Amino acid sequence: GAVSATQREHQVTAHASGVAASVGFQPGEALVVLVGHGEATVGDYRDYVIDALATMIISERFTELAKAADSPFLMPPAIGTNEIVRDATSTTRMAVVKNGRTLDGLKILMTENARVAQHGFLATELARAKKEFLSTYVQMTKETDSRDSADVAAELTRNYFEGEQMPGRAAELALVEALLPTIGLTDLNQRARQLAVARGRIISIVTPKEGDLPPEAEIVKTVAAAEQSVEKREEVAITGKILETPPTPGTIIAERVDEALGITEWKLSNGATVVLRPTDFDADTILLSGFAKGGYSLASDATYWSAQASAAMVNVSGVGTLSKADLDKLSAGRRAVAITEMDEFSQRVFGNASVADFELMLQILHAKIAAPRRDPVAIATWQQMQIGLAKENNASPEQKFEDQVREAHYGNNLRKRDAEPADLEAISIDDAFAFYRERFADLSDFTFVLTGKLDLPTTRLLVMTGLKSDPAEIPPE
């Protein structure tokens with residue numbers, strides 16, 4: 001091993017013919033070199049699909065690990081494929097860990113590595129990954145005509161220099177539909193074990209200070225301990241619901257059509273305004289945005305940081321009786337995203353869905369507005385991540401300079417500075433959720449904008465339910 005005087009980098013290295021494997025930390029890189037992995041045959045393409053499915057499953061596991069109580073990670077660990085040179089790619093695993101938790105993060109990553117090697121994947125994981133993979137190709141095929149030119153140019157470049165096949169999205173979808181049923185756990189587990197081998201492993205650790213670097217002996221000991229016999233991963237069936245009781249539909253009390261602009265405007269019985277603009281830019285996408293004046297500028301100084309964090313707490317908590325992880329699993333293969341946000345002067349919502357999943361998107365949004373779920377474990381994990389990021393940010397020279405500029409302009413006004421670790425530690429979940437409910441309880445001053453592949457009669461029925469909320473008794477502002 002060696003320590004670089006410039007980067008404070010520690011590497012534990014063992015080389016073998018043609019293979020190098022690794023795990024990296026803040027920042028680092030884990031390499032499994034695959035030489036000459038082309039797409040000349042259907043078999044090559046099948047290997048590509050197997051790799052993609054394995055990567056999706058490992059990413060899902062990493063995301064769950066990062067959300068666990070007392071997680072050492074500042075963000076979910078990442079796994080991906082990078083191009084070293086045109087005929088060689090690498091699989092990378094990287095984790096950014098909290099200060100002093102390097103060995104904890106290393107132990108978790110290597111334990112998961114060993115779990116894959118010893119037990120492989122689960123049938124439920126493979127089923128979800130197949131749904132997601134197929135859904136991606138279905139969407140891409142539907143939106144072929146609106147494909148970005150840069151994407152086409154990049155594929156042409158890969159075709160010329162790397163031999164990547166480009167039969168067209170419809171042909172690729174047909175190939176994926178034919179190959180997915182032929183890929184089973186045996187195929188995935190065999191590939192996963194190849195990626196988990198210890199041959200040529202490189203562990204690279206970069207720390208801000210030399211004193212933060214674990215001794216090489218401790219690193220080797222941690223890896224060895226993590227690679228002992230580990231338990232098989234288990235999953236329980238998901239039985240929760242997004243909405244326990246479907247909302248009673250509202251009504252549209254007024255309608256205005258601007259034929260010149262192609263805009264339809266509805267006034268809902270709860271006072272909200274909905275503006276619709278059908279477009280044909282994407283053949284299978286519906287976008288939603290909504291906004292109302294307010295935001296955390298209305299919070300008192302005592303609850304300011306709690307109010308600022310309120311929407312983030314709701315988004316990490318899942319919906320209904322479903323955790324965020326369970327919601328993601330339940331909606332595997334479906335494209336329906338709905339989030340709420342808050343800035344200084346407004347509260348906002350955003351949504352993105354396929355045409356088929358538009359109703360699901362509205363259900364998720366309605367649940368977050370009408371009955372925000374509170375997940376203490378997910379919120380505590382998010383809070384600790386934010387505290388860790390704030391500490392890292394405070395060590396940045398650029399941040400120090402920005403802080404001095406703000407102080408010269410505004411003094412130490414808490415509404416003009418970034419949150420300090422102490423501010424984040426003092427956040428109250430009760431205050432955050434009380435403020436959130438206050439801001440989203442009454443939708444009468446909201447304007448929602450829907451664009452994309454809209455069928456107005458169908459949209460009318462879904463909007464009257466999904467964006468329906470009874471006005472709350474809140475004093476005027």
Side-chain angles (χ1 to χ4, degrees), residues 42 45-67 76 78-81 112 115-116 119-144 169-192 195 233-243 282-287 318-339 351-365 367 452-453:
V42 172
Y45 197 85
R46 187 175 186 273
D47 289 340
Y48 155 73
V49 175
I50 291 172
D51 285 348
L53 294 172
T55 298
M56 292 170 69
I57 295 173
I58 294 172
S59 294
E60 181 184 78
R61 290 188 178 188
F62 281 170
T63 299
E64 285 192 29
L65 289 169
K67 294 177 181 177
I79 178 172
T81 301
E112 285 308 305
R115 199 185 316 277
V116 169
H119 304 293
F121 300 117
L122 302 178
T124 50
E125 292 178 313
L126 176 56
R128 285 196 301 272
K130 284 185 175 181
K131 288 180 181 178
E132 290 284 356
F133 193 82
L134 179 60
S135 175
T136 298
Y137 275 80
V138 168
Q139 180 197 351
M140 289 194 306
T141 302
K142 287 182 178 180
E143 299 183 345
T144 298
R169 287 185 169 181
E172 284 201 60
L173 173 60
L175 187 56
V176 167
E177 290 175 329
L179 289 175
L180 281 179
T182 73
I183 296 173
L185 281 176
T186 301
D187 301 298
L188 242 68
N189 293 342
Q190 181 180 0
R191 183 69 186 123
L195 297 177
R233 178 182 171 88
E234 300 290 345
E235 285 192 353
V236 296
I238 301 171
T239 57
K241 297 180 179 179
I242 295 173
L243 297 172
D282 290 315
D284 192 34
T285 296
I286 296 176
L287 301 177
V319 293
T321 58
L322 297 167
S323 68
K324 179 65 168 62
D326 286 345
L327 175 62
D328 291 342
K329 291 175 182 177
L330 195 65
S331 57
R334 305 182 69 179
R335 184 157 55 94
V337 177
I339 61 173
N352 183 319
S354 66
V355 173
D357 297 321
F358 179 47
E359 182 176 8
L360 176 60
M361 180 192 77
L362 291 177
Q363 289 176 353
I364 295 171
L365 180 61
K453 193 70 173 179

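Since we're looking at a predicted model, the values are computed, not measured.
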- Task: Give the C-alpha distance, both sets of side-chain angles, the deciding distance and a yes or no for salt bridge (Lys or Arg N to Asp or Glu O under 4.0 Å) between D51 and R191.
- Result: CA-CA 7 Å; D51 285 348; R191 183 69 186 123; 2.5 Å; yes
- Does the pair R46 and I50 meet the rule for a side-chain contact (heavy atoms from CB on, under 4.5 Å), with working shown? CA-CA 6 Å; R46 187 175 186 273; I50 291 172; 3.7 Å; yes
- T182 and D187: side-chain contact (heavy atoms from CB on, under 4.5 Å), yes or no, with the steps? CA-CA 9 Å; T182 73; D187 301 298; over 6 Å; no
- Query: Would R233 and E125 satisfy side-chain contact (heavy atoms from CB on, under 4.5 Å), going step by step from the backbone distance to the final call?
  - Reply: CA-CA 11 Å; R233 178 182 171 88; E125 292 178 313; 2.9 Å; yes
- Task: Begin with the C-alpha distance, continue with both residues' side-chain angles, and end with the deciding distance and a verdict on salt bridge (Lys or Arg N to Asp or Glu O under 4.0 Å) for E64 and R61.
- Result: CA-CA 5 Å; E64 285 192 29; R61 290 188 178 188; over 6 Å; no
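The side-chain contact (heavy atoms from CB on, under 4.5 Å) test with L330 is passed by exactly one of T239, L322, L360: L322.
P76 approaches A66 most closely through the heavy-atom pair CA-CB, 3.5 Å. Shortest non-hydrogen contact noted between G240 and T321 is CA-OG1, 3.1 Å. Here the shortest heavy-atom pairing between Q363 and I242 reads O-CG2, 3.8 Å. For the residue pair F121 and L185, the shortest heavy atom distance occurs at O-CD2, 3.7 Å.
Here Q139 contributes atom CD and R169 contributes atom CZ; the two are 8.5 Å apart, rounded to the nearest 0.5 Å. Taken from CG in L53 to OH in Y48, the straight-line distance is 9.5 Å, to the nearest 0.5 Å. Here CG of D282 is found 4.0 Å from CD of E143. Values are rounded to the nearest 0.5 Å. Between the NZ atom of K131 and the OG1 atom of T136 there is a distance of 14.0 Å, given to the nearest 0.5 Å. With rounding to the nearest 0.5 angstrom, the CZ atom of F133 is 10.5 Å from the OG1 atom of T55. Summarising the geometry, atom CG belonging to L188 is positioned 11.5 Å from atom CG belonging to L122; distances are rounded to the nearest 0.5 Å.
Side-chain contact, Y137 with E177: no donor N or O sits under 3.5 Å from an acceptor N or O.
Using a distance-only test at 3.5 Å, with no hydrogens or angles considered, no donor-acceptor pair links the side chain of S331 to the main chain of R334. Between the side chain of D357 and the backbone N or O of A353 there is no donor-acceptor pair closer than 3.5 Å. Distance alone, capped at 3.5 Å, is enough to place a donor-acceptor pair between the K130 side chain and the I183 backbone. Side-chain N or O atoms of D328 include none that pairs as donor or acceptor with a backbone N or O of A325 at under 3.5 Å. The backbone N or O of S59 sits less than 3.5 Å from a side-chain atom of T63, completing a donor-acceptor pair.
Applying the ring pair (Phe, Tyr, Trp, His ring centres under 6.0 Å) rule to F62 yields no partners; only residues at least two apart in sequence or on another chain are considered. The side-chain contact (heavy atoms from CB on, under 4.5 Å) search around N352 returns T285, L287, R335, not counting sequence neighbours. The salt bridge (Lys or Arg N to Asp or Glu O under 4.0 Å) check on E60 picks up R128, with sequence neighbours excluded.
In this structure, L134 and L173 have side chains that are in contact, with non-hydrogen atoms separated by less than 4.5 Å. A 4.5 Å side-chain heavy-atom check between K142 and V355 finds every atom pair outside the cut-off. Within the 4.5 Å cutoff, the side chain of V116 has no heavy atoms near those of the I57 side chain.
More than 12 non-hydrogen atoms from other residues, nucleotides or ligands lie less than 6.0 angstrom from CD of E235.
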